[in-house]
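Protein chains get the first letters and strands the later ones, always in sequence-line order, with residue 1 at the start of each.
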Amino acid sequence: MSEAPPTIIVVDDDISIRESLEGLLRSVGFQVRLFGSVAEFLAGKLPEGPCCLILDVRLPGQSGLDLQAELAGADIRLPIVFITGHGDIPMSVRAMKAGAVEFLSKPFREQDLLDALGVGVARDRARRQAEAAAAELTAKFEALTPRERQVLGLVATGRLNKQIAGEIGVSEITVKVHRGQVMRKMGARSVADLVRMADRLGLAPDGP
Amino acid sequence: MELDGRADTPSEDGLFRAADGALADTEAELRRLNWALAAYGRSSSALIHFQTLDDLVASICGAIVAQEEYVIAAVGLADSGPGKPVRLLAGAGPALAYLDGLNLSWDESLPEGNGPTGRAIRSGESLIMRDALTEPMFAPWRERARPFGIRSSVTVPFRRDGRVVGVILVYASRPHAFGTKELELFSELGSELAFAMSVAEDRAQLKASEAARLAAEDAAREAQAELARAGRLLSVGEFASSIAHEINQPVAAIITNGDAALRWLARDPPDLDEVRAAIERMSRDAKRASGVVARTRGLLAKSRTDDAPLDVNEVAEEVLLYTADERRRSQVSVSTDLASGLPLVRGDRIQLQQVMLNLILNGVDAMKGVNDRPRWLRVRSALGADGEVLVEVEDCGVGLDPATSDHLFEHFFTTKDGGVGLGLPISRSIVEAHGGRLWAGPASPHGAVFRFCLPVAALAAA
Ligand SMILES: Nc1ncnc2c1ncn2[C@@H]1O[C@H](COP(=O)(O)OP(=O)(O)O)[C@@H](O)[C@H]1O
Ligand SMILES: [Mg+2]
């Protein structure tokens, strides 16, 4: 678990706000990236580790809410904490409905901001872990031979070795060998474990 | 019955055959007449309701080929460009493919310009090709037409302003399919079509001029907004909220920097370089905030920055222009009753504009909740009893609330969501700095009226 510290990305057109946030966020151990506009932010690369976005609602050019919609459209699921100097209630409603973590008016209480960032980072980390686990599982599945995939599919539907042997026209011994290989390659601890994996892989429960 | 009798009778002598033919002719005639009426009827409804010329032509062609023996109906326009091509606008019918890739022209010097179409356009006369198998004029197309079963055709030119502009082409699967009746019908359709073309052009022109008008309106609105910006005529609400924002930003930054400095200090060991950096930022941001305050004070200073002779009517008209957009959005109509020949007053044009702007926007605001009567605003100027100049802004809005009307001119008194409560107190102090008075009263039956008076130039200058 020696993961790099989470990164907070700040997009605000006011340099005083940007720099003050940088000082505060570094003091609590975050990595920080600052951007003065949405365009600058979009031109850069997203950090590797878990992160959260602090976004000013009203920005020259493209607004924070526009960016939120754009990111959602591009399926980039960054948690967003909005900050605003205007206390716009209708905007805050819109932002929260669109999935923002929090909507804070400047000046905000330090603890409110840090709490919101904590939630955002945790969300992002969980999403990344889920994605990584899914990717790993898929990779393992792809390392199976076609025969092994077929056997996995049938095991997942609860067929016995004998039934499987009959169904695919090999001996029961061969089925056992395939099944052992599948368990090993998938890193499954038990048949139940294997069935769960098959489920997550979206192998149809009622057989191939 | 007659038919039965006819079938029983030997027809060697040809007598019956002749009668037979005559009868068939009458039937065919009737059918054709019916069809013609229907085609014309269908076309004329298209002629009345058409959206685009292409649609219209397509539906006319469709109506013509509803008659089974007509295998193509098409409309072409005579182009005067090189080679004088005939451009097909639309066509219909089972044999329409016959026209695909066919070069139609009305150029006499070209072989393809000497078929029925070319000749009809040049002469302006309808042309009937009676039988595709024998008509010499049709020889160049005979082989091409055979597989399509085309046996005869008619080409009917139509004119606009006396000039032939196009043709209606109709092909039939039977020789001798066209007679005077058909010619009449098609010429009729041709002249309707020519008329529809000019209607379509008029419409296009109308559309273009409508677009131009909208563009001009946009430009005017833009110019007006620009004017408002240039005059830096912000309503007090906008002004106050932009100042609040200007101050709030550095203040928010200072608070966050303070939080950060404390955290760096609380580390073990404390990171003094970071603490110093945070304090430097705090000091910079504090200067920024106090700069905003200083500038605001300058703007709001009671001293009149300018002292020029002014016509209050002009000032009122300028502000009405600035607020045109807002009034349109809020659906408020304005009437003015500006006295002519008023003496000039002395003062600061921008500040007096501010006063009127505040009063007008308040009036507009007061009518936002009014939906059961027209929303109107009246701006009046007059000469007062003591020779002063009087200005009135009256609305038919919700009116003054007797419970709070004593507080209207207090700083930060507001009854609006998002109100600031500075418009009236600032307006009053501006008017008083000009040696005048500002007060409010009820209007009847609805609304409020705000009045201010200003001393005339000679008095103010004295
Ligand atoms: N034309 C009007 N009709 C009714 N009430 C008015 C009118 N103009 C002002 N008021 C009242 O006076 C208050 C103060 O007005 P003002 O000082 O311009 O501040 P604001 O417009 O920000 O509320 C308003 O909130 C409203 O209650
Ligand atoms: Mg006001």
Contact summary for A:Gly23 and B:Ala260, nearest pair of heavy atoms: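 Closest pair (atom of A:Gly23, atom of B:Ala260, distance): C-CB, 3.6 Å.
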
What is the minimum heavy-atom distance between A:Ser20 and B:Ala253, and which atoms define it?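 Looking at all heavy atoms of both residues, the closest pair is CB-O, 3.4 Å.
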
Let's test your reading of the structure: which of B:Asp259, B:Ile255, B:Asn257 forms the most heavy-atom pairs below 4.5 Å with chain A? B:Asp259

Does the pair B:Thr256 and A:Glu110 meet the rule for a side chain to side chain contact (heavy atoms under 4.5 Å, CB included), with working shown? CA-CA 7 Å; B:Thr256 302; A:Glu110 155 197 67; over 6 Å; no

More than 12 foreign heavy atoms under 6.0 Å from CD of A:Gln111: is that the case here?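 For A:Gln111, atom CD is crowded (more than 12 foreign heavy atoms under 6.0 Å).
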
Is it true that atom NZ of B:Lys368 has more than 12 heavy atoms of other residues, nucleotides or ligands lying nearer than 6.0 Å?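 Counting other residues, nucleotides and ligands, NZ of B:Lys368 exceeds 12 neighbours.
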
If the threshold is 4.0 Å, N to carboxylate O, is there a salt bridge linking A:Glu22 and B:Arg281?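 Salt bridge between A:Glu22 and B:Arg281, a charged N being under 4.0 Å from a carboxylate O: no.
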
Rounded distance (nearest 0.5 Å) linking atom CG of B:Asn248 with atom CD1 of A:Ile17: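 Output value for this atom pair is 7.5 Å.
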
If we define contacts as heavy-atom pairs under 4.5 Å, which of A:Arg109, A:Arg18, A:Lys106 has the most with chain B?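 Maximum pair count with chain B is reached by A:Lys106.
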
Applying side chain to side chain contact (heavy atoms under 4.5 Å, CB included), run through A:Ser27 and B:Glu274 and close with a yes or a no. CA-CA 9 Å; A:Ser27 79; B:Glu274 289 284 0; over 6 Å; no

So which part of A:Leu21 gets closer than 4.5 Å to some heavy atom of chain B, the side chain, the backbone, both or neither?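 Interface part for A:Leu21: both.
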
Side chain, backbone, both or neither: which part of A:Arg26 has an atom under 4.5 Å from a heavy atom of chain B? both

Between B:Gln249 and A:Ser16, is any pair of side-chain heavy atoms under 4.5 Å apart? no

Between B:His245 and A:Arg58, is the side chain to side chain contact (heavy atoms under 4.5 Å, CB included) condition met? List the steps. CA-CA 12 Å; B:His245 185 245; A:Arg58 297 204 194 179; over 6 Å; no

